[in-house]
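These notes are about the structure you will find just below.
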Amino acid sequence: MRGHDELSFEEYAAGSERRLYRTAYLLCGDTHRAEDLTQTTLAKLFAHWRRVSRMEHLDAYAKTVLTRTFLGEQRRRAVARRFGLLASRPETSPGEDTDLRVTLMDALAELPGRARAMVVLRYWEDLSVETVADLLGCSPGTVKSQCSRALARLREQLGESSPYASV
């Protein structure tokens with residue numbers, strides 16, 4: 001890649017890195033993994049920039065790449081955990097004095113990767129059911145049912161007495 005294409009990518013990366021990082025952090029709940037996911041996404045975009053840069057909805061495509069990279073990583077981690085190659089995540093329980101962000105991040109971290117991706121994209125990123133379905137390569141009905149189950153699980157984890165249960 002030379003000249004104009006390189007400058008075009010640098011401008012896009014500088015303008016979208018923060019948005020991609022925010023989504024990555026919501027997906028994985030870890031700053032270092034979110035940085036890695038963001039960089040991996042940008043590297044994948046860079047590798048195909050000539051084709052990618054001509055897309056009508058470049059940001060949506062970047063979010064798709066980010067989400068699918070996250071889900072692929074989750075699958076690899078699950079396999080590694082199953083065979084004892086990766087330590088399991090320590091148990092965390094949100095305390096009553098914990099602020100909303102930390103409480104919700106802990107609860108989100110307990111959801112399976114695909115369900116977490118759907119909840120983040122649907123409710124945090126405020127994407128339509130159809131858009132989330134397109135991003136994740138599934139039907140709108142799957143998005144609706146998975147989000148419903150994930151929200152029920154979040155409510156259960158937060159408990160009825162929690163002021164955040166209705167969020």
Side-chain angles (χ1 to χ4, degrees), residues 1-80 86 89 92 99-151 153-154 164 167:
M1 184 180 329
R2 302 255 189 258
H4 177 67
D5 285 343
E6 193 171 316
L7 289 174
S8 171
F9 175 78
E10 287 175 8
E11 287 174 11
Y12 177 77
S16 65
E17 185 174 20
R18 189 176 181 118
R19 284 188 311 272
L20 290 171
Y21 173 80
R22 183 188 71 219
T23 301
Y25 181 75
L26 288 168
L27 289 172
C28 68
D30 178 90
T31 56
H32 299 293
R33 282 182 61 202
E35 289 169 359
D36 290 345
L37 277 170
T38 303
Q39 290 305 311
T40 301
T41 300
L42 290 172
K44 287 179 178 183
L45 292 174
F46 181 76
H48 304 285
W49 186 247
R50 283 196 176 164
R51 179 181 49 85
V52 170
S53 65
R54 292 187 291 259
M55 291 186 161
E56 187 175 336
H57 301 288
L58 182 55
D59 287 335
Y61 180 74
K63 235 175 240 182
T64 299
V65 171
L66 175 72
T67 304
R68 289 183 179 171
T69 300
F70 165 74
L71 291 173
E73 180 184 290
Q74 287 295 104
R75 282 188 293 273
R76 286 187 295 280
R77 285 174 160 268
V79 169
L86 186 67
R89 184 180 173 93
T92 59
D99 93 313
L100 175 60
R101 180 177 297 267
V102 173
T103 302
L104 289 176
M105 289 306 297
D106 284 345
L108 271 175
E110 297 300 319
L111 293 176
R114 189 169 173 90
R116 185 176 346 156
M118 287 184 185
V119 169
V120 167
L121 293 172
R122 179 74 181 100
Y123 299 105
W124 183 271
E125 296 290 333
D126 199 27
L127 299 177
S128 70
V129 169
E130 292 76 18
T131 303
V132 174
D134 286 343
L135 286 171
L136 297 177
C138 61
S139 72
T142 299
V143 172
K144 290 177 187 177
S145 65
Q146 291 282 323
C147 283
S148 176
R149 286 186 200 122
L151 290 175
R153 189 168 175 187
L154 287 172
Y164 309 126
V167 174

| task | List for me each residue that meets side chain to side chain donor-acceptor pair (under 3.5 Å) alongside T40, sequence neighbours excluded, and say none if there are none. | result | none
| Residues forming a ring pair (Phe, Tyr, Trp, His ring centres under 6.0 Å) with Y12, sequence neighbours excluded | W49
| field | Residues that S53 engages under side chain to side chain donor-acceptor pair (under 3.5 Å), provided they are two or more places apart | value | none
| task | Can you sort out the partners of E125 under side chain to side chain donor-acceptor pair (under 3.5 Å), two or more places apart, ordered by chain and number? | result | R22, T23, K63
| said: According to side-chain contact (heavy atoms from CB on, under 4.5 Å), who are the partners of R75, at least two apart in sequence or on a separate chain? | reply: L71
| Test: R33 and E73 ion pair at under 4.0 Å | yes
| field | Qualifying residues under salt bridge (charged side-chain N to carboxylate O under 4.0 Å, His left out), relative to D59, sequence neighbours excluded | value | R19
| said: Is the shortest side-chain heavy-atom distance between T142 and M118 below 4.5 Å? | reply: yes
| said: Going by side-chain contact (heavy atoms from CB on, under 4.5 Å), name the residues that satisfy it together with R122, two or more places apart in sequence or in a different chain. | reply: V129, V132, C147
| said: Restricting to side chain to side chain donor-acceptor pair (under 3.5 Å), what partner residues turn up for E35, sequence neighbours left out? | reply: none
| remark: A34 meets the side-chain contact (heavy atoms from CB on, under 4.5 Å) criterion, sequence neighbours left out, with Y21, A24, Y25, C28
| request: For the residue pair M105 and L26, establish whether any side-chain heavy-atom pair is separated by less than 4.5 Å. | output: yes
| query | Does a donor on one side chain and an acceptor on the other come within less than 3.5 Å for T41 and T38? | reply | no
| query | With R18, which residues qualify under side-chain contact (heavy atoms from CB on, under 4.5 Å), at least two apart? | reply | none
| message | Hydrogens and angles aside, do T64 and T67 bring a side-chain donor and acceptor to less than 3.5 Å of each other? | response | no
